[in-house]
Peer 1: 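Questions regarding the structure given below will be posed in turn.
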Amino acid sequence: MEIRSVSYHLLGGIQETNLSNLPENYFLKYYLYHEACWPELSFVAVDTETGAVVGYVLAKLDEASEKEEQRIGHITSLSVNRSHRRMGVAHRLMAQSEKAMQEVYRAGAISLHVRVSNKAALHLYEESLKFTHDRTEVKYYADGEDAFCMKKVLPIPMD
Amino acid sequence: MAPLPNSKDQTLFRSVLSFYENKQYKKGLKTAEQILRRNPKHGETLAMKGLIINCLGRTDEAFTIVKDALKLDMKSHVCWHVYGLLWRSVKNFGEAIKAYKFALKLEPDSANILRDLALLQAQMRDWNGYVESRRLMLGQKPNLRMNWTGLAVALHMSGNYEEAEGILTKYEESLKVQPPKDDLEHAEALLYKNMIIAESGQTERALEHLLSIEGRMLDVSSTLEYKASYLLKLGRNEEACEVYRTLLGRNGDNRAYYKGLEEAKGIKEDDVAARKKLYEGLAEVHPFADAPRRVPLDFLSGDEYREAAEKYIIRLIKKGAPSAFLSIKAVYKDTSKQAITLKVVEDFLAETRANPPADDASEADKTRHTENIVWALYFIALHYDYYRTRNLDLAFKTIDEAIELDPTLPELYMSKAKMYKHAGDLKKAAETMNTARELEKSDRYLNTKCSKYTLRADDNEGGLKLMSLFTRNEAAGGTLGDLLEMQCIWYLTEDGEAYMRKNMLGLALKRFSQVHKIFEDWHEDQFDFHSFSLRKGQIRSYVAMLRWEDQLRHHVFFRRAAIDACKVYTLLADQPHLGHASLSMGQLAEDFEKLSTAEKKKAMKKAKREQQKEEEKRKEEAAKRKDEANGKADDKVVDTDPKGEELVHTTTPLEDALKFLNPLVEFNPEFVEVQAIAFEVQIRRKKYALALKALVAGHKLAPNDGRVHEQLIRFRKIVDSLPSEPTDAEPLSDVLIAEFNALLPKDTNVVEYNQQYLEKEATNFINLRYGLQAKFFLNPEKKDEAAAELVKAVDLEECDIKEAVEGLKVLREWKASDEVLNKYKEAGRGRWPQATAFQA
C-alpha cells in the first residue's frame, strides 16, 4: 500500500471506491473539478501490486473563503476500503491533505461533514485527527440524516 | 446583415438574445415569433428561433429553421454562429468549426465567435488552428494573463516549446511589480514554464530555472519532485539523494521516493546487503511508514526473510488489519517464501494458544487474545485459498475454526464466500456473502461485495435489489437510473456479463453500451475546462487533463466492456437466433439447436414477426412517454430501448461492433486479448488485411499463446482457400501474405503443426484447449478424439476452475454427445466436487 497525490488516471478508481463505500456519490466531472482546481489537495492510497485504489481523500478549498482573509480547506469525501482498515490509511491521507492546504493555500482551518450515526468516522476525526464539533446541520444528507460540521484550526506554516 | 426596419423590433430582437442567454426559452420563442409576424423574412430572428427550439429539445425542427434562416441571410454572422451552435449541440464538432469559421470571416472582431471556435479546436485537438485563434484572442485582450497562458498552452500542445516558453517569459517581463508571494496563479505559471523547459529536453536549464524560482513556489511537493528528477537525470546523485530524503520526510508512504533514493544511491537491484542496510535505516527514520518494512520482504530470502516477515506480519495481525495477507501475497511468486510465511503465522498461533490469559486477566486482555487467534487463523485460511498455495479443504476448515471463535466478524464470511467461489459454487458464495452483509447492514462495502457476488451467480434482479439499499431510488429510472447517473461502471459491467452468460444478449449489449456512453461523457467532460482552467490558473493540471483524456479509453473499465460487447456481436453474427429471446434463453437455445434446417428457418421467421410486433408496440410506448415528458419542465431524453432490443435485433452486428472495437484497438494494442477479439470481428467481416494485422500484433505480443496459435491455423486455411479472381472481400496484398507466410509458411502441414503444438503444450490447459479447438476445426470428424483429450486435460495441475468451465462451453460448441459431456463433468466433479457447473 502506498499514498500518492491524485492524478487523472486514478479518478475512475476513486469514483469506484467512493461508490463502493459511501452513499454520497458524484459523477466523474465533480472529481475532475477538484483535480482541475486544487490538484495539490487530494490524495489516494493504492495497492502497490495491482495499482488499484483502496482509499482516497477528495479535498478542496471552501470557495466562499477563497477571497477572504482566512482560507478554509474542506474535505469533500474520504473513504478507505474495508479490506484496508486499521492500517492508518485515513490518517495518512488526511495528514497529506492538511499539509498541502497549509502550504499551497495558507489555509487557517479545515472543515468537513460527517453523518451523526457514523461512529467510526467520528472517532477518527475527533480522537485521532483532533477535529472539534462545530455545529449540527439538520437534514444535511439526501436521506434526511443530520450532519455534524467538524472543524480544525491549522497552525500557520513557517517559511 | 439586414437590420430590422423598425426600432421597436430592434429592441425586441435584443431581448430575444437576452432571453436566450438567461435560458428563458418560452419567452424568447414568443418574442421571436412576434418579430417574425411583422418581418417573416428576417433571417437572424428566424435563426434565433431555431436556436431556442433546439434548446427545447426539438433538434430536427431547429436544423430546418436555421437552414431556412441561412438561405434568407447568407451574409449574417449571427446565422452562421447559430448554425455552428446547433452542430455543437449534436456534437458534430467538425461541422461546428466550419460554421464558426464562416461566421468569423463575416465578423472578424467578434470575441464570442472566436471564443466558441477556440474551445472547439481545443476539444478536437486542432492545435494549429487553436494557436491561430489564441493569437487573435491575445491581440484582442493582451491585458489578461489567461490569454498569454492560453497561447502558451496552444503552442506547447502543438509541439512548439520554444515559442511557448517565450510567450510566458514575455508576460513575466511585462509585469511592473512582482506579484505577492502567495499569488498562486503566478507561481503556477512559473512552474508551468519550468515543465515546458524540461519537456523540451533541456534538463540542465530546467534545473537552473527551477532553482531561480524555488523560493516562491507554493506547490512544494511538485517543486521537490521536479528537482529530484532533474538532479538524477543530470547524474548529480548526492544532491538527488538529499531531495529524495526531504520528500520521504514529507510522505514516507510514497514508493516512488524510495525507488528514486535507491537509484540516486546507485544501489543495484541484486545488492541485497546494501538494500537491507538502506531500508533498516529508513525504518528508523520513518517509524510509521509501511514501505521500509514491506519492501525488504521482496528482496530478502531465507532466515533474513523469515525474521523481517515475522515482524511485519505479526504486527498487522495483532492490529487486526484484514489486509495482512493481501499486503504480503506478492512475495509468493518466490515459492521458497510460501512455507516460511505460513510457518511464521502458525508459530505465532501456536504460541498464542499456548499462553492463554490467566482467569483473572482483564476482559480486554482476554478479547485481545481471542482476536489474535482469529486474525492468525484468517491469515492461514487466506493462504490456503490463494491460487499459488490453494488447498480448499484446509481453507474451509481453518476459516470455520475462526468463525466458531467469532461468529460476528464479516471478514471471515467474506473470505469464506470467496472460497465457495473458488470451489465453483457461486450460489453458496453469494449466500455466504449475504451472511457477511447482514452482520453490518450499514456498511456499503459489504453491500457492494454482496451485490457483485449475486450478479456472479447470474441473479440480476437480486443484485439490483441489493444495490437499491444504498441508491437514491426516487431518481428518474429508479435504482438503475441512479447507478447510471452516478456512472457505476463496475455494476453495469457485471450486470451485462451476467446477462451474457444467460444468453440475454439484448440487455447485455444495453449495459455495455451504457459503459460506452459513460466514456463518451467523460470525454465530453473536459469541454468546460478549456476556458475554466485558464481562468483558474491551474495550467499544469489542465495539461495533465488533456493528456489523460487523449488516453481515456486505455482504461481497464473500457477494455473489459468493449471486449465483452465485441464477443456478443460475434455471437450474433454466428448465431442470429441468439438475438431473439424466444429462441436463445437457457433450454430454448438447446431446443433450437436440435431443429432441422427447415424448422430453424421457420422458427426464425416466427421470431422475426413477433419482434416486429413488439418493436411497434415499444415505439408507440416510447412516443407516449416522450409526450408525457415533454409536458414536464425538465425534458430529459427518454430511453426508447431500455432492454436493448433494438441493439440486439441489428442486421449488421459486425459493423455495430466497430463502435467498441476501433477505440479498443487504438488505445489498447498491447493486450493480446484485444488483438484476439479484433481478429474475430475482422475475419467475420472478411476484412482479411485487418484480421491479419491483429494476428501479427497478437503473435508479436505472445507468440506461444493458444488463441494466437488457433487463429494462425484458421487464417492459413482461409488464405489458402481464397479464390484467385477478385471478390467483394478486400484483397490481401503480397506484402501482407509474405508477412503471414513468415509466421506460418505456406506449405506447412497444419495438422502436423498443430499436433506438435499439442505435444509441446501438453501440461498447459488453456493452450491445449485452443490446440484441440484447432484440431476440431481441421478435422471435425475427429471430434470424439479431441473431446477425449480435453476430458483428460481437466486433471492437469495447471487447469483452474474458470478454465475448466470454459472447456465445457467448448464441448457444447462442438455439439459433443451427452455421454462426452457427462464424462467431462465427472472429471470436473472429481477436482471441484462443489462446482455447480459440473453437477450431473
Side-chain angles (χ1 to χ4, degrees), chain A residues 1-5 7-9 11-13 15-23 25-29 32-33 35-40 43 45-51 54 79-89 91-93 95-96 99-100 103-106 117-118 120 142-143 159, chain B residues 182 184 218-222 250-251 253-256 288 290-291 294 316 319-323 326-327 329-330 410-411 442-446 448-449 470-472 482 485-491 518 521-522 525-526 528-529 532-533 536 538 540-542 544-545 547-549 551 554-555 557:
Chain A
M1 190 272 304
E2 60 182 298
I3 308 253
R4 298 201 296 251
S5 178
S7 47
Y8 283 96
H9 74 277
L11 292 180
Q15 183 188 41
E16 185 180 32
T17 306
N18 163 270
L19 274 161
S20 299
N21 294 334
L22 298 176
N25 311 128
Y26 323 97
F27 31 72
L28 196 83
K29 197 167 176 185
L32 288 183
Y33 172 66
E35 187 62 8
C37 293
W38 311 281
E40 313 86 356
F43 288 84
V46 297
D47 181 301
T48 306
E49 297 303 323
T50 61
V54 299
S79 84
V80 177
N81 282 354
R82 194 181 167 100
S83 56
H84 283 75
R85 285 191 186 165
R86 296 191 206 148
M87 305 248 298
V89 176
H91 195 283
R92 288 158 207 252
L93 289 166
Q96 291 299 321
K99 182 161 58 197
E103 263 179 10
V104 185
Y105 296 98
R106 306 289 191 245
S117 68
N118 194 343
D143 58 5
D159 277 318
Chain B
D182 65 350
L184 185 64
L218 295 164
D219 184 353
V220 182
S221 290
S222 291
R250 296 165 55 85
N251 178 5
D253 287 302
N254 190 330
R255 294 282 180 102
F288 301 111
D290 180 70
R294 173 61 188 80
L316 287 177
K319 276 211 265 181
S323 59
L326 218 64
S327 309
K329 67 180 185 187
E411 272 73 16
S442 63
D443 187 336
R444 192 175 189 181
Y445 183 82
L446 296 173
T448 301
K449 283 269 176 202
F470 283 90
T471 50
R472 295 173 308 143
D482 189 38
E485 200 186 329
M486 291 303 131
Q487 308 173 328
C488 192
I489 293 180
W490 80 259
Y491 175 83
I518 289 174
D521 290 344
W522 286 5
D525 279 347
Q526 65 181 307
D528 293 347
F529 293 99
F532 179 85
S533 286
K536 265 270 164 188
Q538 289 282 16
R540 288 177 307 135
S541 182
Y542 169 62
M545 182 192 292
R547 288 173 173 169
W548 164 73
E549 288 281 11
Q551 291 297 315
H554 184 69
H555 205 290
F557 293 165

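Because the structure is a prediction, the values reported are computed rather than measured. Residue numbering restarts at 1 for every chain, and letters A, B, ... go by the order of the sequence lines.
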Peer 1: Could A:Arg85 and B:Glu411 be called an ion pair, given the rule that one side-chain N must be under 4.0 Å from one carboxylate O?
Peer 2: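 B:Glu411 and A:Arg85: not salt-bridged.
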Peer 1: Hey, does A:Met87 have a side-chain heavy atom less than 4.5 Å from the side chain of B:Leu316?
Peer 2: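 Heavy-atom side-chain distance check passes, below 4.5 Å.
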Peer 1: Does any heavy atom of chain B fall under 4.5 Å from the side chain of A:Phe27, the backbone, both, or neither of them?
Peer 2: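 Both parts, backbone and side chain.
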Peer 1: Indicate yes or no for a side-chain donor-acceptor contact from B:Gln538 to the backbone of A:Pro39 under 3.5 Å, with no hydrogens or angles considered.
Peer 2: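 Such a contact is absent between B:Gln538 side chain and A:Pro39 backbone.
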Peer 1: Does A:Glu49 use its side chain to pair, donor to acceptor, with the backbone of B:Ala330 at less than 3.5 Å?
Peer 2: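 Not confirmed, A:Glu49 side chain does not pair with B:Ala330 backbone.
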Peer 1: Using heavy-atom distances under 4.5 Å, tell me whether A:Leu11 contacts chain B through its side chain, its backbone, both, or neither.
Peer 2: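 Nothing of A:Leu11, per the 4.5 Å heavy-atom cut-off to chain B.
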Peer 1: Measure the spacing between CE of A:Met1 and CZ of B:Arg294 and express it to the nearest 0.5 Å.
Peer 2: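 Going from the CE atom of A:Met1 to the CZ atom of B:Arg294 covers 11.5 Å.
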Peer 1: For B:Arg547, which atoms come within 4.5 Å of any heavy atom of chain A: side chain, backbone, both, or neither?
Peer 2: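 No part of B:Arg547 comes within 4.5 Å of chain A.
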Peer 1: Has the side chain of B:Tyr445 got a donor or acceptor atom that lies under 3.5 Å from a matching backbone atom of A:Val80?
Peer 2: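 Side chain of B:Tyr445 to backbone of A:Val80: no pair is present.
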Peer 1: Look at B:Trp522, B:Phe470, B:Tyr542 and state which one has the largest set of heavy-atom pairs under 4.5 Å with chain A.
Peer 2: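 Greatest number of close heavy-atom pairs with chain A: B:Trp522.
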Peer 1: Would you name the heavy atoms of A:Glu16 and B:Trp490 that are closest together and state the gap between them?
Peer 2: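 Answer, listing the atom of A:Glu16 first, then B:Trp490: OE2-CB, 3.1 Å.
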Peer 1: Which heavy-atom pair separates A:Ile3 from B:Asn251 by the least distance, and what is that distance?
Peer 2: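 Looking at all heavy atoms of both residues, the closest pair is O-ND2, 2.9 Å.
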Peer 1: Name the member of B:Pro410, B:Cys488, B:Ser327, B:Gly320 that forms the most heavy-atom pairs with chain A at distances under 4.5 Å.
Peer 2: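 Most heavy-atom pairs within the cutoff with chain A belong to B:Gly320.
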Peer 1: For chain B, find which of A:Asn18, A:Thr17, A:Val54, A:Asn21 contributes the most heavy-atom pairs closer than 4.5 angstrom.
Peer 2: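 Between A:Asn18, A:Thr17, A:Val54, A:Asn21, the count favours A:Asn21.
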Peer 1: Once rounded to the nearest 0.5 Å, what's the spacing between atom CH2 of A:Trp38 and atom OG of B:Ser541?
Peer 2: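 A:Trp38 CH2 to B:Ser541 OG: 11.5 Å, rounded to 0.5 Å.
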Peer 1: Is the ring pair B:Phe532/A:Tyr33 parallel, tilted or perpendicular, if the boundaries are 30 and 60 degrees?
Peer 2: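 B:Phe532 and A:Tyr33: tilted rings.
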Peer 1: Charged N to carboxylate O below 4.0 Å: is that the case for A:Arg106 and B:Asp182?
Peer 2: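 No, A:Arg106 and B:Asp182 are not salt-bridged.
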Peer 1: Just by distance, do the side chain of B:Arg444 and the backbone of A:Ser20 share a donor-acceptor pair under 3.5 Å?
Peer 2: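 Here the side-chain-to-backbone pair does not exist.
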Peer 1: If you measure from CG on A:Asn25 to CG on B:Asp482, what distance do you get to the nearest 0.5 Å?
Peer 2: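 A:Asn25 atom CG to B:Asp482 atom CG measures 7.0 Å (nearest 0.5 Å).
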Peer 1: Using a strict cut-off of less than 4.0 Å between a Lys/Arg side-chain nitrogen and an Asp/Glu carboxylate oxygen, indicate whether B:Asp528 and A:Lys29 qualify as a salt bridge.
Peer 2: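 Counted as a salt bridge, because a side-chain N and a carboxylate O are separated by less than 4.0 Å.
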Peer 1: On a heavy-atom basis, which atom in A:Leu19 and which in B:Gln487 lie closest, and how many Å separate them?
Peer 2: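 Minimum heavy-atom separation between A:Leu19 and B:Gln487: CD1-O, 4.0 Å.
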Peer 1: Heavy-atom distance under 4.5 Å to chain A: side chain of B:Leu446, backbone, both or neither?
Peer 2: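 Interface part for B:Leu446: side chain.
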Peer 1: Let's test your reading of the structure: which of B:His554, B:Met545, B:Lys319 forms the most heavy-atom pairs below 4.5 Å with chain A?
Peer 2: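 Of the options given, most contacts go to B:Met545.
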Peer 1: Taking the side chain as every heavy atom from C-beta outward, state whether A:His84 and B:Leu326 have any atom pair closer than 4.5 Å.
Peer 2: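 Counting from C-beta outward, A:His84 and B:Leu326 do come under 4.5 Å.
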Peer 1: Apply the side-chain hydrogen bond (donor to acceptor under 3.5 Å, both in side chains) test between B:Asp253 and each candidate in A:Arg4, A:Gln96, A:Arg92; give the one that qualifies.
Peer 2: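 Exactly one option meets the side-chain hydrogen bond (donor to acceptor under 3.5 Å, both in side chains) with B:Asp253, and it is A:Arg92.
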Peer 1: So which residue, B:Ile489, B:Ile518, B:Asp219, ends up with the most heavy-atom pairs under 4.5 Å with chain A?
Peer 2: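 If we count pairs closer than 4.5 Å to chain A, B:Asp219 comes out on top.
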Peer 1: If you count heavy-atom pairs under 4.5 Å between each of A:Ser83, A:Ala45, A:Ala142 and chain B, which one has the most?
Peer 2: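 Most pairs with chain B among the choices: A:Ser83.
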Peer 1: Non-hydrogen atoms of chain A under 4.5 Å away: do they reach the side chain of B:Ala291, the backbone, both or neither?
Peer 2: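 No part of B:Ala291 comes within 4.5 Å of chain A.
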Peer 1: Looking at A:Ala36, is its backbone amide N or carbonyl O close enough to the side chain of B:Lys536 to form a donor-acceptor pair, meaning the two atoms are under 3.5 Å apart?
Peer 2: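 No; judged by distance alone, with no hydrogens or angles, the pair does not exist.
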Peer 1: Heavy-atom distance under 4.5 Å to chain B: side chain of A:Thr48, backbone, both or neither?
Peer 2: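 The answer is the side chain of A:Thr48.
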Peer 1: I need the B:Ser323 OG to A:Arg86 CZ distance, nearest 0.5 Å.
Peer 2: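 It comes to 10.0 Å.
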